[in-house]
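Input: a single structure, listed below in structure tokens.
As the structure is a computational prediction, the values presented were derived from the model and not from experiment.
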Amino acid sequence: MPDDAAYLLCAEDAAAAFFGAAAAGSSACTAGTGADDGSCCSAGEEESAASIAELIGGEADYSPRPDYPDRLRSRSIDPAARAESVAWILKVQEYYGFLPLTAYLAVNYMDRFLSLHRLPEDGWAMELLAVTCLSLAAKMEETLVPSLLDLQVEGISRYVFEPGTVGRMELLVLTALNWRLRSVTPFTFIDFFACKVDPGERHTRCLIARATQVILAAMHDIEFLDHCPSSMAAAAVLRATGETPSLESVGPEAAVRWCIGLAEDAISSCYRLMQQLVIGNVRTRAASTTAASAANLCCSDEVLSSHSSSSSSPPPAKRRKRSPPGI
């Protein structure tokens with residue numbers, strides 16, 4: 001492992017510097033949420049719109065290869081393994097209270113890497129990649145980052161990888177991504193879009209929170225990989241607006257006027273997917289509630305029998321520590 005200074009050297013080009021300035025401009029929209037003068041959405045709006053348009057123009061540079069979704073659908077890349085990795089990332093994000101952006105970046109790094117390189121068809125390889133990508137994302141966005149061993153939370157992780165193994169994998173991922181970690185994501189846009197539908201800022205925080213939930217839920221579904229971050233952000237804000245009775249309903253035909261570069265067809269398609277996602281989640285929760293209620297009606301004999309059986313079961317197997325050769 002190289003020394004810390006050399007290890008953190010980054011070869012990102014000048015576009016990364018622009019990204020930082022542009023993203024700061026978009027997030028400035030909600031920096032003053034709660035103020036009474038309603039000035040945050042109007043101050044520098046023209047400059048922010050120009051910055052957002054530039055980011056939309058370059059967002060494809062931070063996405064997986066265009067054929068990646070089709071390779072997942074054809075199972076050339078295992079979609080189940082990807083789903084497990086996304087679920088692991090979200091569980092660890094919740095466990096440590098990481099920012100939603102951290103989880104999204106981790107999945108973005110993972111998808112971009114998988115679109116470029118094939119991994120061994122073993123569970124440990126995908127988990128190692130997930131640990132690596134979450135570690136990199138946490139270093140980018142979090143002020144407090146757990147150690148590499150602590151990041152592999154017991155009870156959530158199946159394997160434990162040595163820090164040196166994860167460090168070597170980090171270099172492989174960084175090289176594959178050309179050190180371009182300051183990705184354009186839906187979170188680059190949702191503050192700006194939320195201000196467009198709520199210029200008075202009365203519901204901006206709620207809109208952003210709900211849009212964030214929808215975006216995180218969408219990461220599980222490979223169909224959203226066909227959609228660019230700006231379309232996902234716009235569709236998520238539209239969905240959140242539709243759930244806020246005091247806000248006037250907004251459709252994709254209006255959203256496309258928020259900024260140059262947005263496409264109505266893309267937003268409409270993504271919005272329909274999000275509608276299906278939300279409806280599906282509601283049905284799943286309802287079914288889970290029904291099943292839980294039915295389970296509570298089990299007779300005491302069955303409960304006692306289950307308790308007796310579980311108490312005589314062997315303890316769970318310990319996690320396997322892996323230090324794969326060649327990584």
Side-chain angles (χ1 to χ4, degrees), residues 9-30 44-70 99-117 133 136-137 139-141 173-196 208 211-212 215-216 218-219 222-238 252 255-271:
L9 284 177
C10 179
E12 287 184 299
D13 56 22
F18 167 79
F19 170 87
S26 69
S27 62
C29 178
T30 54
E45 184 173 357
E46 189 173 327
E47 291 82 357
S48 294
S51 297
I52 292 294
E54 290 282 351
L55 290 168
I56 292 174
E59 60 188 345
D61 294 337
Y62 301 92
S63 299
R65 285 176 44 175
D67 64 343
Y68 178 62
D70 285 336
L99 297 170
L101 175 59
T102 300
Y104 191 94
L105 281 176
V107 175
N108 173 262
Y109 299 161
M110 181 180 71
D111 285 332
R112 287 162 62 191
F113 183 88
L114 288 173
S115 75
L116 296 169
H117 297 281
C133 292
L136 290 171
K139 291 172 184 175
M140 289 293 294
E141 298 300 329
V173 172
L174 287 167
T175 301
L177 303 187
N178 197 26
W179 290 79
R180 297 172 69 88
L181 301 186
R182 294 280 291 176
S183 302
V184 177
T185 75
F187 298 104
T188 307
F189 306 104
I190 59 171
D191 291 13
F192 182 79
F193 293 164
C195 281
K196 287 294 185 179
I208 293 172
T212 296
I215 289 167
L216 291 182
M219 292 196 306
I222 62 174
E223 297 303 320
F224 286 97
L225 291 168
D226 287 319
H227 297 277
C228 58
S230 59
S231 294
M232 286 189 65
V237 170
L238 290 179
V256 75
R257 296 193 293 270
W258 291 345
C259 185
I260 296 173
L262 294 174
E264 182 178 343
D265 289 345
I267 296 173
S268 296
S269 175
C270 192
Y271 180 72

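- Across C228 and E59, no two heavy atoms sit closer than the pair SG-OE2, 3.2 Å.
- Residues S183 and Y109 have side chains in contact (heavy-atom distance under 4.5 Å, counting atoms from C-beta outward).
- A distance of 12.0 Å separates CG in L114 from CZ in R112, rounded to the nearest 0.5 Å.
- Between L177 and L136 there is no side-chain heavy-atom pair separated by less than 4.5 Å.
- From S115, atom OG reaches atom CZ of R65 across 6.5 Å, with rounding to the nearest 0.5 Å.
- Rounded to the nearest 0.5 Å, atoms CG (L105) and OG1 (T185) are 6.0 Å apart.
- Between P186 and M232 the shortest heavy-atom distance is CG-CB, 4.1 Å.
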Take S269 and H227, measure what side-chain contact (heavy atoms from CB on, under 4.5 Å) needs, and give me the verdict at the end. CA-CA 9 Å; S269 175; H227 297 277; 3.2 Å; yes

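- The closest side-chain heavy-atom distance from D226 to P69 is below 4.5 Å.
- Nearest heavy-atom pair across C259 and F192 is CB-CE2, 4.4 Å.
- Closest approach of A137 to A106, counting heavy atoms only: CB-N, 3.7 Å.
- Within a 6.0 Å sphere centred on CG of L116, heavy atoms belonging to other residues, nucleotides or ligands number more than 12.
- For the pair R180 and Y62, the distance from NZ or CZ to the six-membered ring centre is under 6.0 Å and the angle to the ring normal is within 45 degrees.
- The aromatic rings of F187 and Y104 stand perpendicular to each other, their planes meeting at an angle above 60°, with 30° marking the opposite boundary.
- The two residues P229 and V184 make their nearest non-hydrogen contact at CG-O, 3.5 Å.
- For the atom pair I260 CD1 and E54 CD, the distance stands at 9.5 Å (nearest 0.5 Å).
- At distances below 3.5 Å, at least one donor-acceptor pair connects side-chain atoms of T212 with backbone N or O atoms of I208.
- Between C133 and V173, the shortest heavy-atom distance links the atoms SG-CG1, 4.5 Å.
- Note: F193 and F189 have parallel aromatic rings, judged against thresholds of 30 and 60 degrees for the angle between ring planes.
- One distance of note links OG of S230 with CD1 of I267; it measures 7.0 Å at 0.5 Å rounding.
- Taking CG of L262 as the start and CD1 of I56 as the end, the distance is 4.0 Å to the nearest 0.5 Å.
- With a 4.5 Å cut-off on side-chain heavy atoms, L238 and P252 count as touching.
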